[in-house]
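A quick write-up on the structure given underneath.
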Protein chains: 2
Amino acid sequence: MKKSKKGSYDGKITLVDVALAAAVSPITVSRVINQPEKVSEAARLKVQKAIDELGYIPNQHASSLASSRSGVIGVAIPSLSNVVFTDVLRGIYKVMGAAGYKVLLVDTHYSPLEEEKMVRTLLSQSPEGLIITGGDQTPACDQLLRKSRIPLVQIMELLPNPIDMNIGFSHLLAGADVVAHLLAQGYQRIGFIGARMDPRVQQRIRGYTQALAKRDLFEANLIATSPEPSSIALGGALFKSLMAANEGRIDAVFCANDDLALGALFEAQRMNIAIPKQLAICGFNDIEAATYVNPSLTSVAVGRYEMGVKAAELIIQALNQQPIDNKQIDMGYVIKQRDSTHRQQ
Amino acid sequence: MKKSKKGSYDGKITLVDVALAAAVSPITVSRVINQPEKVSEAARLKVQKAIDELGYIPNQHASSLASSRSGVIGVAIPSLSNVVFTDVLRGIYKVMGAAGYKVLLVDTHYSPLEEEKMVRTLLSQSPEGLIITGGDQTPACDQLLRKSRIPLVQIMELLPNPIDMNIGFSHLLAGADVVAHLLAQGYQRIGFIGARMDPRVQQRIRGYTQALAKRDLFEANLIATSPEPSSIALGGALFKSLMAANEGRIDAVFCANDDLALGALFEAQRMNIAIPKQLAICGFNDIEAATYVNPSLTSVAVGRYEMGVKAAELIIQALNQQPIDNKQIDMGYVIKQRDSTHRQQ
DNA sequence: TTGTACGCGTTATCAT
DNA sequence: ATGATAACGCGTACAA
């Protein structure tokens, strides 16, 4: 089962095998694959024929090693079971796929330590670019990334000290704006429901707290949170404890995401609380259900797919040595007002 | 910026650099990383120190090339924006991550041609195993996979002719069972709403059609479909056209998935149709919202995460040369009856 | 347009 | 337990 110096059979067809079959040199085969325009029509056809007949598939590891170009972009996200990230991913895959890059995707489970481990994994694949979530890296991971000298985009939030490039929006401002919206609608006792408590949720809470405190409307028991992953079920449960902790004296709930908001909304319905008459509910992320649920759910919309696209484009620009006018991009957000927070009607 | 024969600096630290720093041979460094037990305590410490100080990260491409072990498992799914697949993915990542394998994930966009392209991409990375969705490969892709001689699992549905291993459930039986359930509840004119029309949805329709035809209850205009991706919005739209096409004479709707079902449910509410009194709605996949929406939504539950786990375990078993008792595994399904199809109460 | 020589960073093999 | 040597399969640089 060994393979002799020149292309004897071992199951794996190599470039040398193709070269032998086509009666050309290996480098010509290489060129047919990578720079067909530099090869004569005749040679190209011969080689292509051999490739097809032998079912040759290039060995990307050998190619990467020889050229130090892996064609791989590493991506690290905190969770695979959250639309928020898969939407961004779709944008990344779209652009990277079209540009001929493969995406190596890792899941950090919201843990900086896991992230560090995963970044090592990614780096060992000699990625040409990296897209990671947020700015909550361990010091070691931060060092690793700074030393790596490849284009890097941190996504999902605006960072004070980006390692390289950064694209996202201000969760702090968004949180404060939601409060402003609710106040403008006449709601006063505004509760907050949050789960998983990642850095972005914490920023939303800060925005919420600051906005309320500024009007002297903040109280600690207005906040109900859980370290567990968000879910509709958890939203319902947190809503119940929020109401209990305030003896029902709550007239609006700001939920850290739409799953929690749906849970709160469904639970409120079961408790026969009229929305938005007795109680307003505002979500975050604007998932599709927000538009169609009854009553429709006010939520904060962000161009996640577009953020993925833009992040990928930034990487590609950097790889093509094109100038990048702005290393930090604010995607902004829009509060989509719907029935669930529409008091006067 | 070149690198001389022995470890002069070029930005990339190699195994040779580490060996030099630790005053051992390169192979010893390699052993410290891959088979630490075969190295003396003293050498191990020296080498580990050098690795840490230099920030050495192994080059996986060189390793793969030399050892013909890439540590990569290729996974192909039709869509990143569908919980159904990301749930499975979570299971795959869980097991593969724990076993030290990297996952290379590609998105086929429900297209066999795209899938063939992506499979080529995957194969060029010398994956040690492959997990792909369904059995709708192009002939060329099928050939590629059969020739590849690496463990392969086809997931999501039960296939008549699996290439290698197969894990899923019968969408045909599930479709028929849903009809049986609705009939048992006393519903007679049962419509079907479907979108995207991939092979699995088609099987569900076949099951539905056969079950109805057997009782002479089938009519062509009971089916409303669209080639577009499923969404809540589309569910609402298809529901409206289904009702229009039947002049409202529909007393149950079987939706190909829960997004469509939620769309139908929300739209029915807006049309003031009482559920389940006037109309039953049954979904498919049992996403979390099905349990909590009001009224709660009957749906077909499948252990997707478990399917991902099992698929990954099959691959690993095969890689470890362990015997595999059953190359085809039926995950089964359960109809979760909830309020939306509960006529007598 | 085509080919030659060599190196990419690591591991397998065989010695010591 | 440790090391020398030769691949692994391909691309770069230069030559023809």
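Letters A, B, ... mirror the listed sequences (proteins, then strands); counts begin at 1.
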(message) Rounding to an integer number of Å, can you tell me how far H61(B) NE2 sits from dC10(D) C1'?
(response) 13 Å
(message) Tell me whether K46(A) at atom NZ has more than 12 heavy atoms from other residues, nucleotides or ligands lying less than 6.0 Å away.
(response) yes
Selected nucleotide, minimal atom distance to [X] side chain, candidates [options]:
X      : options                  : result
A66(B) : dG3(D), dT2(C), dC8(D)   : dC8(D)
A43(A) : dT10(C), dT2(C), dT2(D)  : dT2(C)
S40(B) : dT10(C), dA1(D), dG3(D)  : dA1(D)
L65(A) : dT2(D), dT2(C), dG9(D)   : dG9(D)
L15(B) : dT11(C), dG9(D), dA12(C) : dT11(C)

Heavy atoms only, 4.0 Å cut-off, all strands: where does [X] land among base, sugar-phosphate and nothing?
X      : answer
I27(B) : base
P26(A) : nothing
R31(A) : base

(message) Angle between ring planes, F85(A) versus Y110(A), binned at 30° and 60°: parallel, tilted or perpendicular?
(response) perpendicular
(message) Closest-nucleotide mapping onto DNA chain C: is E37(A) or N59(B) further toward the 5' terminus? I mean the 5' end.
(response) E37(A)
(message) Closest-nucleotide mapping onto DNA chain D: is A62(B) or V39(B) further toward the 5' terminus? I mean the 5' end.
(response) V39(B)
